[in-house]
Amino acid sequence: MIRATGQNTRVSDESPVSFKAHARELGDVAIIDASGSLTLGSGGTALRDLVHVLASKGQKKFLLNLREVDFIDSFGIGELARCYATVRMRGGQLKLVHLAQRVQDLLQITKLHTLFEIHTDEQTALGGFR
């Protein structure tokens with residue numbers, strides 16, 4: 001489901017263990033607050049769909065807040081990589097913030113921590129956009 005109302009855009013799957021993503025704008029940065037499990041079958045494409053919608057509207061700066069994401073599987077890792085590729089192909093930036101330790105560990109194991117700019121707090125991440 002994609003709902004766009006004003007400056008808020010939501011994409012989610014309403015299944016019991018669903019993944020949800022909600023975008024808010026702060027200046028020229030789209031902050032995507034994600035929650036749930038980013039896995040196959042849990043609405044994981046909601047993130048890709050939301051990034052695609054915003055990028056197609058001309059959004060270039062993305063900050064993905066993963067504070068409420070409790071689990072990511074190999075499908076979720078692929079979704080993060082696809083979102084990164086979508087944003088980069090359109091000349092934008094995608095940063096990650098508030099990663100749980102096991103999500104950080106997974107990104108290190110897969111070597112994707114070298115792909116993403118990762119921050120521990122929103123203000124630092126926002127300050128680093130060009």
Peer 1: To the closest 0.5 Å, what do you measure between CG (Asn65) and CG (Asp121)?
Peer 2: 11.0 Å
Peer 1: Tell me which one of Asp73, Ile77, Leu80 satisfies side chain to side chain contact (heavy atoms under 4.5 Å, CB included) with Leu38.
Peer 2: Leu80
Peer 1: Checking Leu99 now: which residues fulfil side-chain contact (heavy atoms from CB on, under 4.5 Å) with it, not counting sequence neighbours?
Peer 2: Leu66, Leu96, Val103, Gln104, Leu107, Ile118
Peer 1: Between the main-chain N or O of Ala34 and the side-chain N or O of Lys20, is there a donor-acceptor pair closer than 3.5 Å?
Peer 2: no
Peer 1: Using the salt bridge (Lys or Arg N to Asp or Glu O under 4.0 Å) criterion, which residues pair with Lys61? Sequence neighbours excluded.
Peer 2: Asp28
Peer 1: When you group the ILVMFWY residues by side-chain heavy-atom contacts below 4.5 Å and let the links chain together, are Leu106 and Leu112 in the same group?
Peer 2: yes
Peer 1: Does a side-chain heavy-atom distance below 4.5 Å link Val69 with Phe19?
Peer 2: yes
Peer 1: Checking Ser74 now: which residues fulfil side-chain contact (heavy atoms from CB on, under 4.5 Å) with it, not counting sequence neighbours?
Peer 2: none
Peer 1: What's the verdict on side chain to side chain contact (heavy atoms under 4.5 Å, CB included) for Leu126 and Glu122, showing C-alpha distance, side-chain angles and the deciding distance?
Peer 2: CA-CA 6 Å; Leu126 290 170; Glu122 215 171 88; 4.3 Å; yes
Peer 1: Determine, stepwise, if the pair Val97 / Thr120 fulfils side chain to side chain contact (heavy atoms under 4.5 Å, CB included).
Peer 2: CA-CA 6 Å; Val97 68; Thr120 56; over 6 Å; no
Peer 1: Applying the 4.5 Å side-chain criterion to the ILVMFWY set and letting contacts propagate, would Ile72 and Leu115 be lumped into a single cluster?
Peer 2: yes
Peer 1: So does His52 get a backbone contact from the side chain of Arg90, meaning a donor-acceptor N/O pair under 3.5 Å?
Peer 2: no
Peer 1: Got a sec, which residues hit side chain to side chain donor-acceptor pair (under 3.5 Å) with Arg67, two or more places apart in sequence or on another chain?
Peer 2: His98
Peer 1: Does Ile32 form a side chain to side chain contact (heavy atoms under 4.5 Å, CB included) with Leu47? I'd like the steps, not just the answer.
Peer 2: CA-CA 9 Å; Ile32 299 174; Leu47 178 61; 4.0 Å; yes
Peer 1: Please list all pairs passing the ring-ring contact (aromatic ring centres under 6.0 Å, His included) test where one or both residues lie in residues 106-129, with sequence neighbours left out.
Peer 2: Tyr84-Phe116
Peer 1: In terms of hydrophobic clusters joined by side-chain contacts under 4.5 Å, are Val87 and Leu63 together?
Peer 2: no
Peer 1: What's the spacing between Lys60 NZ and Leu54 CG if we round to 0.5 Å?
Peer 2: 12.5 Å
Peer 1: Can you see which heavy atom on Thr39 is nearest to which on Phe75, and at what distance?
Peer 2: C-CD2, 3.5 Å
Peer 1: List for me each residue that meets salt bridge (Lys or Arg N to Asp or Glu O under 4.0 Å) alongside Glu117, sequence neighbours excluded, and say none if there are none.
Peer 2: Lys95
